[in-house]
Asker: 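Dumping the structure here so I can ask a few things about it.
From a predicted model like this one, the values you see are computed outputs, not experimental measurements. In each ligand, atom 1 is the first atom listed, and ligand 1 is the first ligand listed.
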Amino acid sequence: MAKTVSFHLQKGGVGKTTISGTFACQSALDGFRTLLIDVDPQGNASSWFLTETPKYELADVIQGKCFVSEAIVPVPSVPNLYILPTFGIGGMLKTYSETKLAEEPYVLQDLVSEVSKDFDHIVLDLSPGLGRLEKAAIIASDEVVTPLTPEVFSLDGLEIFIDELKRLKKNLRSSVKHSVVVINSFDVRIKQHRNIYSAASEGSYKVVVVPVDPVFRKAQEANTAPQLFREHGRGLKEKTAESVRLLSKYIW
Ligand SMILES: Nc1ncnc2c1ncn2[C@@H]1O[C@H](COP(=O)(O)OP(=O)(O)O)[C@@H](O)[C@H]1O
Ligand SMILES: [Mg+2]
């Protein structure tokens with residue numbers, strides 16, 4: 001059975017797709033059969049890893065238009081990495097989540113358990129907000145990781161999420177773990193960043209910091225893993241590589 005992890009924060013632009021995608025790549029490059037599920041109606045993870053639009057997407061699977069095995073495609077540039085995509089254009093997933101999903105809160109949980117035997121690790125990239133779709137994805141997961149940027153508003157977001165998660169676990173009888181926080185675009189020289197780090201470390205959270213690294217954007221443009229991207233001989237910063245390894249150690 002695959003361990004399933006989702007990356008979520010209500011706020012947009014904090015690095016959910018970047019961190020979850022890079023983390024999924026690391027798992028695949030470490031030799032684990034890894035599935036990345038694009039649960040964001042904008043489909044950013046899918047346009048990162050795929051250059052051609054496949055026949056089916058996640059919304060087709062949950063609406064019973066195809067088998068899940070028909071919609072999962074290999075990521076051409078990363079061995080062992082597979083993706084269950086979402087097409088940003090067309091917005092089928094958005095429409096589905098706004099209409100049908102209320103009656104089917106366990107639809108993603110069922111999907112994950114169906115493919116669980118075929119993979120070692122499953123990673124879910126979520127959209128901002130905490131609506132039905134995000135809730136369905138969180139209860140389909142063994143663990144939820146919170147990526148945030150080092151600003152006060154992100155910490156507020158974390159507190160709101162902790163509160164919402166309590167309710168979600170009770171109402172939908174989920175035992176999802178929440179023990180890891182990633183501070184993205186972290187710079188130890190900045191006092192505010194250090195303060196946010198201290199605040200996030202309070203309680204029992206394991207905190208992983210990821211520096212600003214131009215390789216993320218470049219790898220996204222080149223449709224590949226940041227770990228495999230090289231330009232003039234340079235790739236991922238050593239600090240970034242270390243952070244991804246630490247995150248893998250905490251989660252898997
Ligand atoms: N550590 C980082 N260093 C440099 N650029 C980053 C970093 N994290 C994210 N980015 C860039 O910031 C933008 C937003 O990140 P993204 O992962 O799409 O956020 P989210 O999924 O939370 O909306 C992307 O263009 C991405 O390339
Ligand atoms: Mg995203």
Asker: Please list, one pair per line, the donor and acceptor atoms closer than 3.5 Å that link side chains of residues 244-252 to other protein atoms, with sequence neighbours excluded.
Answerer:
from, atom 1, to, atom 2, distance (Å)
R245, NH2, E238, OE2, 3.1
S248, OG, V244, O, 2.9

Asker: Does any donor atom in the side chain of T149 or E151 lie under 3.5 Å from an acceptor atom in the other side chain?
Answerer: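 Yes.
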Asker: Look at atom NZ of K94 and say whether more than 12 heavy atoms of other residues, nucleotides or ligands are closer to it than 6.0 Å.
Answerer: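 Result for NZ/K94: open.
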Asker: Check the side chains of S179 and E143 for a donor-acceptor pair under 3.5 angstrom, ignoring hydrogens and angles.
Answerer: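 Note: E143 and S179 side chains meet the donor-acceptor criterion.
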Asker: Report every pair formed by an N or O atom of ligand 1 and a protein N or O atom separated by less than 3.5 Å, giving atom names and the distance to 0.1 Å.
Answerer:
from, atom 1, to, atom 2, distance (Å)
ligand 1, 1 (N), N184, OD1, 2.8
ligand 1, 1 (N), P211, O, 2.9
ligand 1, 3 (N), D213, N, 2.9
ligand 1, 3 (N), D213, O, 3.4
ligand 1, 8 (N), N184, ND2, 2.9
ligand 1, 17 (O), T17, N, 3.4
ligand 1, 17 (O), T18, N, 2.8
ligand 1, 17 (O), T18, OG1, 2.6
ligand 1, 19 (O), G15, N, 3.1
ligand 1, 21 (O), K16, N, 3.4
ligand 1, 21 (O), T17, N, 2.9
ligand 1, 21 (O), T17, OG1, 2.9
ligand 1, 22 (O), G13, N, 3.4
ligand 1, 22 (O), V14, N, 3.1
ligand 1, 22 (O), G15, N, 3.0
ligand 1, 22 (O), K16, N, 2.9
ligand 1, 22 (O), K16, NZ, 3.0
ligand 1, 23 (O), G13, N, 2.8
ligand 1, 27 (O), Q220, OE1, 2.7

Asker: Could you tell me which non-hydrogen atom of L158 sits nearest to which non-hydrogen atom of L9, and how far apart they are?
Answerer: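 Taking L158 first and L9 second, the nearest heavy atoms are N-CD1, 4.1 Å.
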Asker: Would you name the heavy atoms of I183 and Y197 that are closest together and state the gap between them?
Answerer: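 Taking I183 first and Y197 second, the nearest heavy atoms are CD1-CA, 3.6 Å.
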Asker: Using 2.8 Å as the threshold, say whether any N, O or S atom from S127 sits that close to the Mg ion (ligand 2).
Answerer: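 Checking S127: none of its N, O or S atoms is under 2.8 Å.
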